[in-house]
Amino acid sequence: MASSPPPPPKLPIPGRRNILITSALPYVNNVPHLGNIIGCVLSADVFARYCRLRGYNAIYICGTDEYGTATETKAMEEKCTPKEICDKYHAIHSEVYKWFNIKFDKFGRTSSPEQTEVCHAIFHKLMENNWLTENTMQQLYCDTCQRFLADRLVEGTCPNKVCNAAARGDQCETCSTLLNPTELIDPKCKVCKNTPRVRDTDHLFLELPLLKDKLVNYINATSVAGMWSQNAIQATNAWLKEGLKPRCITRDLKWGVPVPHDKYKDKVFYVWFDAPIGYVSITASYTPDWEKWWKDPDNVELFQFMGKDNVPFHTIMFPSTLLGTGEKWTMMKTISVTEYLNYEAGKFSKSKGIGVFGNDAKDTNVPPEVWRYYLLMNRPEASDTLFTWADLQAKLNSELLNNLGNFINRVLSFVAKPAGAGYGSIVPDAPNAESHPLTKAYAEKASKWVEQYLDAMEKVKLKQGLKCAMAISSDGNAYLQESQFWKLYKEDSAACAIVMKTSLGLVYLLACLLEPFMPSLSEEVLRQLNLSPEENLSFSEEKGEITKAKSPWDFVPAGHKIGKPVPLFKELVCLCIS
């Protein structure tokens, strides 16, 4: 049986809320670890799913960042070509994100014809508008390897006096200072470990100082209107305070987008210049009408997700590049930035193999929705957070199993009991539910949690949104206990019917609100409710579902037959990766 064709690409719809969502393009030279996943890809997925749940017209664009020194270096290590490295790791990334239930509209690649085309078009506009200058810069040259050394091929000590940690030639991972390789103390060639020498080489520069007024106007207006996260504002202001300098956009490499200029035809674009353009080019590979998303700022909102080390590229460099073209681009409205997720006692590190990587998570046999829940509850929104195996185990057992799983299973199991002990899987009728004081009180609580959930999610405070949804489950357990429904069943059948029909409504409500966070769990809950996810996973104002949250007994109709209840979670006794 042939698989159904993919749906046609979505385009902005006049009069609707059109939202373009991107997450920082993961670099293709390694397997993503949990810090990478929560830092951008998973966070953006949650927001994209929330937007779809609300009925917004949203697309989620991502892909692997494939050009640059890191790919060339990895290819040297694995004794293959950069293209082979990209093919290998793009497939690994795709598989990891698929397992984590990440739902992209397009997961593409920057090593594409579209990338070259869009980069060249932007470059020509910058040249026409005189925002590019030529200059001679000093670059480290390795006589042993007979090549200019790109930033990541140089290692040394960070020149920042308050840091002095080991650093690469492009950025210090310890203090996040962006560097030029010649600034490093005691630089060494990463390939042969010899000391390189300084040589002159001509390059093209983007004149950030000349674009400063346009950039600052954009930042001042958008950071407020778009409710930028505080860490994004701080990082951006720190850059502006230091003073903008012309930024080199070319590199002496082979693996990259070639520069369309006779004098520089043997060079490629520097990855900081070309990688953010990948958002545009991947959209272009999604639809030939990509300009309807990227050149319509009046009708499209751009939300971007990333870790804190990526902020300057998205609030300084990329906006300057787009502003310099003089064209009417869809500029970033909202930026959501995470701090670092640390591992046990230290930092996740791809290069050192420290931490939990995407394939490790799969090998634990812990379901993806549990990993998603844990990472999102631990999302480092305002400060660094810590991953520990003991905490993962505790959160699963206490929050998912004993709170959420217990509430849902308790409700469905009781309704599924045969008549005389339950309702024979048939939803009871519950007229005048609002007249039942306990039910009315808990319905009002649930409604307030929904309001707070919506407020948090609209502001991209994902962790707070998840906590609000889980609070409905906690209150649901308290509601069941306080009602003593098992006694009501025999002593006050009308009141019991109200409690159970309301509780079924809360189960449905939880399935909707938790879908952005744990989509496979929501599907399973709806299956047990015998409701179709395609028809029922929605929480939009147009359909009246938000208003209905004030009367949860109205969500599941009387007479509806539920499915077969089964426990949603299993207890974790011991968990670790050897």
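Residue indices begin at 1 and follow the sequence shown.
- Nearest approach of Asp87 to Arg109, heavy atoms of both residues: OD1-NH2, 2.8 Å.
- A 4.5 Å side-chain heavy-atom check between Val162 and Cys175 finds every atom pair outside the cut-off.
- Checked against Cys119 for a side chain to side chain contact (heavy atoms under 4.5 Å, CB included), the options Thr110, Val268, Ile277 give a single hit: Ile277.
- The nearest pair of heavy atoms linking Leu25 to Ala275 is CD1-O, 3.4 Å.
- When all heavy atoms of Phe273 and Ile122 are compared, the pair lying nearest together is CZ-CG2, 4.3 Å.
- Remark: the backbone N or O of Phe517 is paired with a side-chain donor or acceptor of Arg372 at under 3.5 angstrom.
- Counting heavy atoms from C-beta on, the side chains of Met306 and Val337 come closer than 4.5 Å.
- Of the N and O atoms on the side chains of Asn378 and Thr385, not one donor lies less than 3.5 Å from an acceptor on the other residue.
- Taking a 6.0 Å sphere around CD of Glu95, one finds it holds 12 or fewer heavy atoms contributed by other residues, nucleotides or ligands.
- When the shell of 6.0 Å around NZ of Lys79 is examined, it contains 12 or fewer heavy atoms from other residues, nucleotides or ligands.
- Taken to the nearest 0.5 Å, the CG atom of Asn403 stands 12.5 Å off from the CG atom of Asn397.
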Please output the side-chain donor-acceptor pairs of residues 100-108 that fall under 3.5 Å, not counting sequence neighbours, one pair per line with the distance.
unit_1, atom_1, unit_2, atom_2, d
Asp105, OD1, Lys10, NZ, 3.4
Asp105, OD2, Arg52, NH2, 3.1
Asp105, OD2, Tyr60, N, 2.8

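- Shown here are the side chain to side chain donor-acceptor pair (under 3.5 Å) partners of Ser520, two or more places apart in sequence or in another chain: Glu369.
- Counting heavy atoms from C-beta on, the side chains of Lys467 and Met377 come closer than 4.5 Å.
- Atom CD1 of residue Ile19 and atom OH of residue Tyr56 lie 6.5 Å apart, to the nearest 0.5 angstrom.
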Fill in: Audit row: Asp186, Thr157, side-chain hydrogen bond (donor to acceptor under 3.5 Å, both in side chains) steps and yes/no
CA-CA 7 Å; Asp186 192 25; Thr157 302; over 6 Å; no
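- Surrounding CD of Glu78 are more than 12 heavy atoms belonging to other residues, nucleotides or ligands, all under 6.0 Å away.
- By the 6.0 Å contact criterion, NZ on Lys188 is enclosed, its count of non-hydrogen atoms from other residues, nucleotides or ligands being greater than 12.
- Looking at Pro516 and Leu53, their side chains come closer than 4.5 Å, going by heavy atoms from C-beta outward.
- Heavy atoms only, all atoms of each residue included: Met457 and Val46 are closest at CE-CG1, 4.0 Å.
- Screening Asp296, Thr330, Asn57 against Asn18 for a side chain to side chain donor-acceptor pair (under 3.5 Å) leaves a single residue, Asn57.
- For His203, the side chain to side chain donor-acceptor pair (under 3.5 Å) partners are Gln139, Thr250, Asp252, not counting sequence neighbours.
- Checked by atom type and distance alone, the side chain of Glu84 never pairs as donor or acceptor with a backbone atom of Ala75 at under 3.5 Å.
- Between Phe47 and Phe305, the ring planes are tilted. Angles from 30° to 60° get that label.
- With sequence neighbours excluded, the residues that form a ring-ring contact (aromatic ring centres under 6.0 Å, His included) with Tyr67 are Trp255.
- In this structure a side-chain-to-backbone donor-acceptor pair under 3.5 Å is missing from Tyr97 to Val41.
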Which side-chain N or O atoms in residues 311-322 pair as donor and acceptor under 3.5 Å with protein atoms at least two apart or in another chain?
unit_1, atom_1, unit_2, atom_2, d
His314, ND1, Asn310, O, 2.9
His314, NE2, Tyr279, OH, 2.6
Thr315, OG1, Thr236, OG1, 2.8
Thr315, OG1, Val311, O, 3.2
Ser320, OG, Ile316, O, 2.6
Thr321, OG1, Met317, O, 3.0

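- Asn180 and Thr182 form no side-chain donor-acceptor contact under 3.5 Å, judged by distance and modelled atom types alone.
- Within the 4.5 Å cutoff, the side chain of Tyr27 has no heavy atoms near those of the Asn36 side chain.
- The residues Glu381 and Lys461 are annotated as not salt-bridged, no charged nitrogen and carboxylate oxygen being separated by less than 4.0 angstrom.
- Counting heavy atoms from C-beta outward, Leu149 and Lys190 have side chains that stay 4.5 Å or more apart.
- Shortest non-hydrogen contact noted between Val525 and Ala511 is CG1-CB, 3.9 Å.
- Rounded to the nearest 0.5 Å, atoms CG (Leu386) and OH (Tyr343) are 10.5 Å apart.
- Here the side chain of His90 pairs no donor or acceptor atom with the backbone of Gly63 at under 3.5 angstrom.
- No side-chain donor from either of Arg49 and Ser522 sits under 3.5 Å from a side-chain acceptor of the other.
- Judged purely by atom type and a 3.5 angstrom limit, Asp274 has no side-chain atom pairing as donor or acceptor with the backbone of Phe269.
- Across all their heavy atoms, Leu462 and Ser43 have their closest contact at CD1-O, 3.4 Å.
- Between Val271 and Asp65, some side-chain heavy-atom pair lies under the 4.5 Å cut-off.
- Remark: side-chain polar atoms of Asp384 are not paired, donor with acceptor, to backbone N or O of Leu341 under 3.5 angstrom.
- Side chain to side chain, Glu66 and Tyr89 fail the donor-acceptor criterion of an N or O pair below 3.5 Å.
- For Glu72, the side chain to side chain donor-acceptor pair (under 3.5 Å) partners two or more places apart in sequence, or in a different chain, are Arg147.
- The main-chain N or O of Gln115 is never found under 3.5 Å from a side-chain atom of His120 such that the two would form a donor-acceptor pair.
- A heavy-atom distance below 4.5 Å is found between the side chains of Asn231 and Glu339.
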